[in-house]
Amino acid sequence: MATGVLRLIGVLGGICLPVVTAAQPVAVDELIRSLKAEGYECPSDQHARQIDSFIGQALPIQQAFYLKVRKAQYLACGGRLEESAEILDALLSVTYPSDDSENLAYALYLAGIVTSNAEQTRRCDYYRAAEQEALRVDAPSILLGAQLELTSTCDIDEDNIDKSLAKLYALLEKHSSVEDQAIRSDIFNNIGNLYAILGQHELAGDQYLKSYQMSQGNYTGETLLTPLFNAVTAYLKSGRIDQARSAMDELIQQNAQVNTPLTNAWVQQAQAIYALHMGNFQLLKDSLVKWAVFLPDLSHPDMDTMYRRMQAQACLHERDERCLKDYLTFELQDHPFEQSEDLAYLRLLIQSYRLLDQPENALLVFDQYDRVNKHLIEMQQSSSKILGVAQMLSDIVELESNLEKARQEKALATMRLVFALALVGALLGLLVWLIYRRQRSHFKRDHLTGLFSSSAAVERLKRFGRPSVLRVHALALFNVDGIQALNPEYGPGSVEVVLQQVAEKLQQASQAGDVIGRMGSQEFLVCLYDIDEVRAKNHLERLYLALTESTFDTVSGQGVNLSAQYSVMILDEAPDDVIALYQGLVEAMAQERRMQAAQQR
C-alpha cells in the first residue's frame with residue numbers, strides 16, 4: 001500500500017447524489033446525509049453497521065453504489081485492504097451507469113489506494129481512470145488526489161523527476177491559504193513519497209513531518225497518523241536516529257487517543273524496524289509478539305510482507321535454518337528476487353542463503369542487488385536536479401542553444417565576440433557574487449560554533465511571519481554555566497572544544513526553519529518556527545536535558561558536565577520588536593537567578 005494510503009480518503013463525503021424519492025426509506029436518506037456531513041472523516045463503527053443493514057436491500061443503483069464504496073472506505077481506514085479491494089473490484093467489474101456524481105471517480109481512486117505496492121501497474125491504472133472520470137464530472141478533490149499519486153509514485157523516471165517535484169511545489173504555491181491546510185498536508189506527504197523513491201530518505205522524513213503537522217486540526221484517527229508513521233520509517237532509513245525516536249514518541253503518544261488495530265500495528269512495525277536498526281533483537285522479538293496480535297484484524301498484504309521480513313531477521317540472528325527455509329519457500333513465490341528492487345529484501349535473501357550455505361543462490365541474488373544498487377545511485381545522481389544543480393546545467397544548455405540561433409542570424413565573427421564577452425562578464429559576475437556570498441555567510445556565522453551570529457539570529461527572527469492556525473513560534477534563551485572555568489582546570493582550548501559540542505547538540509535537534517544563534521560567550525538563542533505549543537515546550541525541555549545530562553569531552557580527554565538555565569517565550573503573532581523580545585528573555589532568566597539565590601539564603 002502506498003505511503004499516502006489514507007490521504008484524501010474522505011473526499012467522498014462531498015459527493016452529490018440524486019434526491020431520494022418518497023418511496024425510499026427515510027432512514028437511508030438520513031444515513032447518506034450523515035455520511036456526507038462527516039466530510040474528510042472515515043465512517044464510524046456506527047455508520048458501518050447502518051451501511052451493512054441497508055446494503056442488502058433493494059435500493060436505487062446510485063445509492064447502493066455509494067453505500068458500498070463507503071463500506072470499502074471504512075474497511076480501508078481500518079487496514080482491511082483486501083476486503084475493501086474485493087468490494088471495489090465487484091463494483092468496478094460491471095458497467096456503471098454514467099451520471100454527474102463523483103461516485104465512480106472516487107471508487108476508482110480508492111481502488112488505487114487499496115491495491116498493493118506489488119501491483120504497481122494496476123494501481124496506477126486506477127489512478128489514471130480516476131483522473132479522467134474526475135475531469136469528466138468536475139470533481140476537483142478527487143482529481144487532485146489522483147494527480148498527486150500519479151505525480152509522486154507513477155509518472156516518474158530519471159528524466160522527469162524534477163518536473164514531478166516542480167508540479168508538487170506549484171500546487172503548494174496554489175494552495176497557500178489557511179483553508180487549504182489539509183490539501184497542503186496531502187501535497188507534503190506526496191513530496192515525501194517522491195523523495196523516498198529517490199532514496200533521499202532524510203528529505204522524505206522532513207516532508208512527512210510537515211504533512212503531519214498540517215494534518216493536526218484537519219485530520220483525525222488513522223489519517224492523522226499516516227504521515228507520522230512514514231516519517232519514522234524514513235528517518236530510520238536515513239540513519240537520523242534522534243529524529244526517528246522523536247517521531248516515534250509522537251506516534252505512540254497520538255496513538256493512545258486513536259488505538260485501532262491498524263495504528264497499533266503501525267506502532268509495533270515502527271518499533272520493530274527501529275530495533276533492527278539499533279541491533280536490539282530482544283526488542284525486535286517483543287515487538288513482533290505484540291505486532292502479531294493485531295494482524296488477524298487486518299487484511300494488509302504489504303504489512304504482512306513486512307512482518308514476515310522482520311520475523312526472518314530475528315531468525316537470521318538466531319541462526320534458525322528451518323525458519324529461514326520456510327521464509328524463502330513462501331516469500332519467493334510471491335516476490336521473486338529477479339523482479340525485486342527492494343535492497344533490504346535482497347540483502348536479507350543474501351544473508352539467508354549464506355547462513356544456509358547456498359553460495360550459488362547468494363551470488364545470484366547479489367547480482368540483482370548490485371544491479372538495483374547501481375540503478376538507485378544513478379537515480380540519486382539524477383535527483384541533483386531537485387537541488388537545482390542539473391537544472392542550472394539545463395538552463396546553460398538552453399542559453400547556448402539560443403546563442404547559437406542568434407549567431408546564425410548575424411555575422412559569425414561578431415557573434416563569437418559577443419558571446420565571449422558575455423561569458424567573461426557572466427563568469428566575473430558569478431565570481432564576484434560567490435565572493436560576496438562567502439563573505440556575507442562568514443559574517444553571519446559565529447566563527448567558533450558555526451551557529452548564526454547574534455546579529456544574524458536577530459535578522460532571521462525578524463523574518464518570521466505569523467504562525468499558522470493553532471501553532472506558535474517558540475523562543476528560548478539558554479545560558480551554559482561554568483564554560484570559562486574549563487581552560488584553567490582541563491587545559492587551553494577546552495572552552496572552544498566544549499562550545500563546539502554544545503552547538504552540535506543544538507544543531508542536531510533543530511528542524512528546517514529553526515534559528516539557533518550564539519548571543520554571547522555562553523549564551524544561545526533557539527527559535528522554533530511554526531510549531532505546536534506543547535511539542536515546542538517538550539522539545540525545549542529535551543534540549544535543556546541534553547545540555548545538562550550529557551558529558552562533554554575536553555582537550556585533556558576528561559569529561560565534564562555542565563549546568564544551564566533557560567527562559568522561554570511563546571509567540572502567537574509575528575515577532576514585532578525582536579530586540580525587546582530578546583531583552584525580555586534575558587530579564588526573565590535574570591529574575592529566575594535572583595529567585596534561586598534568594599531561596600538559597
Side-chain angles (χ1 to χ4, degrees), residues 1 3 116-118 196 199 201-202 204-205 229-230 232-241 244-245 247-248 251 264-296 298 300-377:
M1 184 173 58
T3 46
S116 170
N117 283 336
H201 295 295
E202 182 178 354
F229 169 74
N230 294 339
V232 174
T233 56
Y235 281 135
L236 286 173
K237 288 179 181 178
S238 69
R240 303 292 288 187
I241 302 302
R245 184 71 253 181
M248 190 181 302
L251 176 65
N264 287 328
W266 279 343
V267 169
Q268 299 307 323
Q269 181 176 344
Q271 289 190 326
I273 298 172
Y274 173 80
L276 179 63
H277 190 90
M278 300 301 294
N280 188 338
F281 286 93
Q282 184 57 51
L283 177 59
L284 173 61
K285 289 191 290 185
D286 293 343
S287 298
L288 286 169
V289 171
K290 296 175 184 176
W291 190 357
V293 172
F294 305 109
L295 291 178
L298 309 174
H300 196 316
D302 295 329
M303 180 177 287
D304 292 340
T305 298
M306 183 57 67
Y307 176 79
R308 292 192 299 271
R309 183 181 302 181
M310 292 296 104
Q311 270 195 324
Q313 290 285 0
C315 295
L316 184 65
H317 174 72
E318 295 177 349
R319 307 184 68 83
D320 186 339
E321 296 186 9
R322 168 61 64 183
C323 171
L324 290 176
K325 288 179 180 178
D326 291 343
Y327 173 75
L328 293 173
T329 301
F330 181 86
E331 205 67 27
L332 289 172
Q333 291 179 355
D334 294 329
H335 302 95
F337 74 85
E338 300 92 342
Q339 301 174 15
S340 176
E341 295 185 355
D342 188 335
L343 290 179
Y345 174 57
L346 295 174
R347 189 183 303 114
L348 174 59
L349 295 182
I350 294 170
Q351 293 170 336
S352 299
Y353 279 131
R354 290 180 60 189
L355 179 63
L356 295 172
D357 194 22
Q358 299 181 25
E360 296 84 1
N361 289 333
L363 183 59
L364 289 174
V365 180
F366 178 79
D367 290 340
Q368 174 68 4
Y369 180 93
D370 187 50
R371 284 191 292 271
V372 173
N373 193 43
K374 287 179 180 177
H375 178 67
L376 180 59
I377 292 173

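Index from 1, following the sequence.
- The CD1 atom of Ile273 sits 5.5 Å away from atom CZ of Phe229, with the distance rounded to the nearest 0.5 Å.
- For the atom pair CD of Gln269 and CZ of Arg309, the computed distance is 10.0 Å after rounding to the nearest 0.5 Å.
- Leu276 approaches Met310 most closely through the heavy-atom pair CD2-CE, 3.8 Å.
- Between the side chains of Gln268 and Asn264, no donor N or O sits under 3.5 Å from an acceptor N or O.
- Distance check: Tyr327 OH to Leu332 CG gives 8.0 Å after rounding to the nearest 0.5 Å.
- How far CG of Leu316 is from CD of Glu321: 10.5 Å, rounded to the nearest 0.5 Å.
- When every heavy atom of Ala314 is checked against every heavy atom of Leu288, the shortest pair comes out as CB-CD1, 4.2 Å.
- The nearest pair of heavy atoms linking Tyr274 to Ile241 is CE1-CG2, 4.1 Å.
- Across Ser238 and Glu202, no two heavy atoms sit closer than the pair CB-N, 3.4 Å.
- Checking side-chain atoms of Tyr345 against main-chain N and O of His335 turns up a donor-acceptor pair under 3.5 Å.
- Taking both residues in full, the closest heavy atoms of Gln271 and Ser287 are given as CB-OG, 3.6 Å, listed atom of the first, atom of the second, then distance.
- Heavy-atom contacts from other residues, nucleotides or ligands closer than 6.0 Å to CZ of Arg354 number 12 or fewer.
- Under the 4.5 Å side-chain criterion, counting only non-hydrogen atoms from C-beta, Trp291 is in contact with Met303.
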Let me check something: any side-chain donor-acceptor pairs from residues 360-371 under 3.5 Å, sequence neighbours excluded? List them with distances.
from   : atom 1 : to     : atom 2 : distance (Å)
Asn361 : ND2    : Gln358 : OE1    : 2.8
Gln368 : OE1    : Arg371 : NE     : 3.3
Gln368 : OE1    : Arg371 : NH2    : 2.9
Gln368 : NE2    : Glu338 : O      : 3.3
Gln368 : NE2    : Ser340 : O      : 2.8
Tyr369 : OH     : Arg347 : NH2    : 3.4
Asp370 : OD2    : Lys374 : NZ     : 3.3

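- A salt bridge does not link Arg308 with Asp334: none of the charged nitrogens is closer than 4.0 Å to a carboxylate oxygen.
- Shown here for Asp320 and Cys323, the closest heavy-atom pair between the two residues is OD1-N, 3.1 Å.
- Within the model, atoms CD of Glu318 and CG of Leu324 stand 10.0 Å from one another, a figure rounded to the nearest 0.5 Å.
- In this structure, the separation between CD on Gln313 and CG on Leu348 is 4.5 Å, given to the nearest 0.5 Å.
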